[in-house]
Amino acid sequence: MTLLERWQRLLGIRPDEGRTVGLFFLHNFLLGIGTILVYVSANVILLENNPERSLPLAYGLAAVAMIVAGKVYAHYEHHLGLERVASRVLLAVVAFTGIVGVLVMVGHSVAAAVTIMAGYRVIYLLTNLEFWGISAVVFDVRQGRRLFSIISSGDMPAKALGAVLAILIHHHAELPWLLLTAFAAYIGALVVVRATRRLHVVEARAIPRAARLEGVAPHLQRWFGNSRLVVSMCLGLLLVAAVTTGIEYSFFVHVKHKFHDQALVMRYVGSVLVITYLVALLFKLLLSRVTLDQVGVRWMLLSLPAVILGGLLLGGGLWFGDAGTGVQLLYFCGLFLVLEVLRRAVFDPLFLVLFQPLPPDERLQAHTLAKGLYEPLGMGLAGLLLVAVPYLPGAGEWTPFLWMTLCMAGALYFLHLTHGRYLAELRHALSPRFGSPTETLGEGAAWAVKAPVSAVSTAPENTARLLEDLQDRTTRAAAADSLVQLGPAGLPAVAQALQASADEGWYGAWPRYVPACAYRPAAMPW
């Protein structure tokens, strides 16, 4: 076994997936280089120009610009198709980078700094939509659980490199070189996208599904789509984005107050970012997939809001205890680091996994809606609160903790709802094929039955025992192997139990059972 094969096995990459995963990793690496270099350029200028006033303005303007860009992207994604839009988005990003470069060279005012940050956010949004849009249609549900954390880790070393440059570069003179490098990185990403298109059909095909038992009200479908899963995901993401923006703002402002010299500010910020991205990279590559299998979707999904909510409550206690400036800086540094690691290594890849049970066309629409509308709305909400709350009667240093705590508690509630709706969406994805335990199987020319010879008793009591064992983590693997040997004889009982079960562990064993029975519909939901 070669070193590459050992490494792929450690990461859970199958031999036929190696080339595809490599292309997506390289794609994300190049996007990460470009994005972090634009981010460094924007922050060098913003932190020079009264960040307490310029950062909230930048968040508000960026939110508006991102919503407009998201709407334009959604329009062309629907009318032109994903394959054509992906290339055009990268060309647009190259153009935006050039515009930002001109602003960096000629603009030294707060207005220019705010505009540059808004440009960065638009570039970040477009690259995110393009990369994850292609990922969502190339990989299925099972692959998404295994591989999303791996392919999304490509930008972590790139961002760590950009953070190192933030330590070294503090003045305008060096920034055009950073943006020129970002320009080249985006051109490289365009080349990788074209290579991916030669390897895979990048297309979101509509899959007919039965009507959902609990859909979204018609007057809300324009804002949330047709799935209740998307409703709770979007609202949860909005509140997480608001708190993320508030914590980022507090971190930058406290660093600026502690180190007034621009070189020291960028050195401190860059050091924290390097540590954050390297820790997130290690967690993504080595721990996130194993943790997801062991802990499950529910607890992984709730980990970010629960941990950050606890951190905010702790911070409120520190403020009431009159903590010194040094303690406040360390607190926000630690909170920012933990938030970024959890968000990049756990929350973002898992959030994409939750979209996968949707039909491909709904999947793209939901992702564009969440990232192109609700995440910017969360950032805009935070910018508005950061500007307005200090002017309220009785407001003090503790007031940001109040609204961030309330937002994170709301996010915890909506993400709790998301898990149940995710399982319901998985069951719905299976319903057209296994709609009832007594349904006649094999309908349609795309179905081919090659039933293995059963080596296990098909008695009802034996099947029932295996189904019970499948719900226990300690006996799940052995039970799944035994069910495979049952072949199609056990399918009605398995389908009935699946529809009634709320245990997400079923969906790890279920795909092992169905392919073994050689039922191969044209578009499997996993």
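Starting from 1, each residue takes its place in the sequence as its number.
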Qualifying salt bridge (Lys or Arg N to Asp or Glu O under 4.0 Å) pairs with a residue from residues 117-133, counting only residues at least two apart or across chains: Arg121-Glu248
Check: Tyr249 and Glu52 side chains under 4.5 Å, non-hydrogen atoms: yes
Heavy-atom donor-acceptor pair, Arg421 side chain to Arg228 backbone, under 3.5 Å: yes
Nearest heavy-atom neighbours spanning Ala160 and Tyr277: N-CD1, 3.7 Å
Smallest separation among heavy atoms of Met408 and Leu304, with atom names: CE-CD2, 4.3 Å
Value rounded to 0.5 Å, distance of CG in Leu61 from CE in Met117: 11.0 Å
Distance-minimising heavy-atom pair for Gly34 and Ala185: N-CB, 4.0 Å
Heavy-atom side-chain proximity of Leu358 to Val230 below 4.5 angstrom: yes
Sub-4.5 Å side-chain heavy-atom contact between Leu31 and Asn128: no
Gap separating the CG atom of Leu377 from the CG atom of Leu239, nearest 0.5 angstrom: 11.0 Å
Donor-acceptor side-chain pairing of Ser227 and Glu425 below 3.5 angstrom: yes
Greater than 12 external heavy atoms within 6.0 Å of Phe183's CZ: no
Gap between atom OG1 of Thr97 and atom OH of Tyr186 - 0.5 Å precision: 5.0 Å
Side chain Tyr331, main chain Gly311, donor-acceptor under 3.5 Å: yes
Nearest-0.5 Å distance, CZ of residue Phe351 to CG of residue Leu415: 6.5 Å
Residue pair Gly383 / Pro56: nearest heavy atoms and the distance that separates them: O-CB, 3.9 Å
Within 6.0 angstrom of Phe25 CZ, more than 12 heavy atoms from elsewhere: yes
Heavy-atom pair of closest approach, residues Leu37 and Ala182: CD1-N, 3.8 Å
Note, Leu364 side chain near Phe355 side chain (heavy atom, < 4.5 Å): no
Minimal non-hydrogen separation, Thr418 against Ser232, with atom names: OG1-OG, 3.0 Å
Phe414 and Leu238, any side-chain heavy atoms less than 4.5 Å apart: no
Atom pair CG (Leu26) and CD1 (Ile151), whose distance is rounded to the nearest 0.5 Å: 12.5 Å
Atom pair CG/CE of Leu386 and Met404 - distance to nearest 0.5 Å: 8.0 Å
Side chain to side chain, Leu125 and Tyr73, heavy atoms closer than 4.5 Å: no
4.5 Å side-chain heavy-atom contact, Leu417 and Leu235: no
Residue from Phe332, Phe259, Phe336 passing ring pair (Phe, Tyr, Trp, His ring centres under 6.0 Å) with Tyr268: Phe259
Residue pair Val94 / Leu90, side-chain heavy-atom distance below 4.5 Å: no
